[in-house]
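Proteins come first, then strands; the chains are lettered A, B, ... in the order of their sequence lines, and each starts at number 1.
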Number of protein chains: 2
Amino acid sequence: MPSRKKSPTIYDVAKLSGVSISTISRVLNAPDMVNSETHKHVMNAIDQLGFVPRAEARARALQSTARIGVLTPFFTAPSFVQRLRGVASTLSKANYELLIYPVDSMDHLQGYISSIPLMRNVDGLIIMSLSLESQDAERLSNNGMETVLIEYSHPQLNSILIDDEHGGRLVAEHLLGKGHKTFAFLGDIEPPERFSIHPVKSRLTGFKQVLHDAGYSLPKAYIRSCPYMQEESRQAALELLSLPKPPTAIFAASDMQALSVMKVARQLNVRIPQDLAVVGFDDIDVADHVDLTTIRQHLDESGRLAAEILLNRVADPSRPPQQINLPLTLIERQTT
Amino acid sequence: MPSRKKSPTIYDVAKLSGVSISTISRVLNAPDMVNSETHKHVMNAIDQLGFVPRAEARARALQSTARIGVLTPFFTAPSFVQRLRGVASTLSKANYELLIYPVDSMDHLQGYISSIPLMRNVDGLIIMSLSLESQDAERLSNNGMETVLIEYSHPQLNSILIDDEHGGRLVAEHLLGKGHKTFAFLGDIEPPERFSIHPVKSRLTGFKQVLHDAGYSLPKAYIRSCPYMQEESRQAALELLSLPKPPTAIFAASDMQALSVMKVARQLNVRIPQDLAVVGFDDIDVADHVDLTTIRQHLDESGRLAAEILLNRVADPSRPPQQINLPLTLIERQTT
DNA sequence: TGCTAAACTGAAAGTGCTTTCAAAAACGAA
DNA sequence: TTCGTTTTTGAAAGCACTTTCAGTTTAGCA
């Protein structure tokens, strides 16, 4: 029968070992301030009772939680997960806990933003690919909540950015180099871009610009805007490939969407790369598996970096906010 | 200039509104116990100060945290992430926070297991695909820490299982139906299976059994054990396809490994499915994208279910532990 | 042996909230 | 108006730790 006895507190240990609670606390938090005999005694009592300090209580007394929160949209998408992976590894090394706040809607985000900083249930916040109202950003900053933004920036907060336009340019140059003449673009550039910013427009801008400079155009019909979801991406890809004069190269604004393009191509018996070149963006794990040419944005690294910056700031809040720009590289594989 | 003033406490609100802290607390937690005039007053003060109760303090007084922890290995692998997605969606609906504990090693796991239940920093625990020492499981149970195990079971804890042998059988039957005669298996069946259990052996057992019953054998050389990592999987796939008499069908114990097989096949100009059939296991998101035939194990659903069971148990700890078995289905796509 | 400095320990205050208990206020009916 | 209810409210006791401060031991040395 599980003896649902409530777990022992520092008082129980104190009583058992015949010293005061402060000594117990010291044994745990500053072992060299206590006599080694006493130390041994106390440790015995601790072991005997199976005592472990209660986290919430400790956090309250300590005024710190050793916990970092991450706000992320589409907890579902591989690119976010890979970032998260970077964050997780750094945090776990530093013995911080990782709290995930999945954001499904603008309201959701608002709710989190307004309560988290004040609840003080985390020491710092990483906000991934979410656009932030200026006043919210200021609130975070004013409340002294250390924050790192990824793929978005605000003068008062740390941020990690990538040069999406440059990414678009890289793709165009690569495709041009391969001798392509008809291009298409597929990505989520719907006006509001909703709460989640996937800075797709900039990728398109860079792409278009280089194409334009080289004397090629990218007519409206060859730019398909569609949400990230699989269904929509496929539909868009299908329409692109059914054009009277189909493109010979498609730049998809994310690797997952590139996969959708590839799937449709397969169904249509369009050979890749012979009949159609496909380039993605992100370089998620599977990109390598399926030999997709793509723009590498060091997702893991960006997460790691974000966590490191945050931890530094938590340790020393006086540092000025940093704005970091991560380089982008084109990884050529078999789809171009 | 950010006025780094510490955020207001319940005492500040009390002072401003001229009532006692208990009244403030009541306004927040039991509004109908307080006069509507007072209520209005207090709310004004709260708004004016921008007061929000501090989470840790609340948790301490309330003896509950509204927070669920998830222990997961390979935070990296898509299959785990998809489970997590299910967990996250349920939790977020129920207003629970999600704490992730990435497990990289046996020590890591031990550390978590021994401190979490006693720290009481979560109300419940979901343990994914990790093997648990019997004494640890009992400790969790004895300490009254509500726990749901996924892909592992213990009589005193809730668990969600899948019938891996059956999955293996499904694959064999499917392949047999397609007329294949030479089979191979690729998966991580190294003896200790390390701390993370990916119950690959059972999949192999079921697979072998059906093959055997049908009069086919699966010689040692056609069973390649390799860790989950991409490099190793590719190497193994390469060796399999370089056998004097290469298999015409490969069953990979996970979708990601199946992708590795497909990649190698591509490099070797082995056509899929004409020259080689590939079947995976998991049905992760990308499986659909790359048209991989695989065994669907409802990853999202398993996560959702785990979270639901956990929440129920947290609400009513007297319920007996549940053991749930999730069905498996073969999803036929283009690789067979 | 006596003195001082160093090492150790305990009492108590602080952390920010919930909740119980009892007192005060308000209300109604007689 | 007065007494008995019912509704509101405040004081204070948790909750389980950390940490400061002051007091007590101990050790070292003359």
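The CD-P distance, from A:E37 to D:dT26, rounds to 13 Å in whole Å. In this entry the distance linking NE2 of B:H39 with C1' of D:dT9 reads 15 Å, nearest Å. One interatomic measurement links the two molecules: CZ of A:R26 to P of C:dA7, which rounds to 15 Å at whole-angstrom precision. At whole-Å resolution of the value, CD1 in B:I46 and C1' in C:dG16 are 14 Å apart. Per the geometry, CE belonging to B:M33 stands 10 Å off P belonging to D:dT9, to the nearest Å. In this structure, the CD1 atom of B:I24 is 14 Å from the C1' atom of D:dT8, given to the nearest Å. For B:L28 and C:dC17, the CG to P distance is 9 Å, given to the nearest whole Å. What separates NZ of A:K40 from P of C:dT9 is a distance of 13 Å, to the nearest Å.
In this structure, a donor-acceptor pair under 3.5 Å is present between the side chains of A:S302 and A:R83. Inspection of the A:D300 and A:Q82 side chains reveals an N or O donor paired with an N or O acceptor under 3.5 Å. Side-chain contact of B:N121 with A:E97: a donor-acceptor pair under 3.5 Å is present, judged by distance alone.
Of the side-chain N and O atoms in A:S22, none sit less than 4.0 angstrom from OP1 or OP2 of C:dG10. Between B:T9 and C:dG16, a side-chain N or O to OP1/OP2 separation shorter than 4.0 Å is absent. At least one side-chain nitrogen or oxygen of A:R54 sits closer than 4.0 Å to the OP1 or OP2 atom of D:dA16.
Across D:dA16, D:dT9, C:dT9, the shortest atom-to-atom separation from the side chain of A:T38 is found for C:dT9. Ranking C:dT9, C:dT18, D:dC17 by closeness to the B:I10 side chain, first place goes to C:dT18. When the nucleotides D:dA16, D:dT9, C:dG10 are ranked by their closest atom to the side chain of A:A57, D:dA16 comes out on top. Taking the side chain of B:R58 as heavy atoms from C-beta on, and the options C:dT18, D:dG10, D:dT18, the nearest nucleotide is C:dT18. Among C:dG16, C:dA11, D:dG10, the nucleotide with an atom closest to any side-chain atom of B:Y11 is C:dG16.
Position along DNA chain C of the nearest nucleotide to A:I21 versus B:N29 favours A:I21 as the more 5'-ward residue.
Backbone-only contact: B:T23 has heavy atoms under 4.0 Å from sugar-phosphate atoms and none from a base.
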Verdict with reasoning, B:N158 to B:E146, per side chain to side chain donor-acceptor pair (under 3.5 Å): CA-CA 8 Å; B:N158 303 284; B:E146 296 303 332; 4.5 Å; no
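Taking CD1 of B:I126 as the reference point, atom CD1 of B:I100 lies at 9.5 Å (rounded to 0.5 Å).
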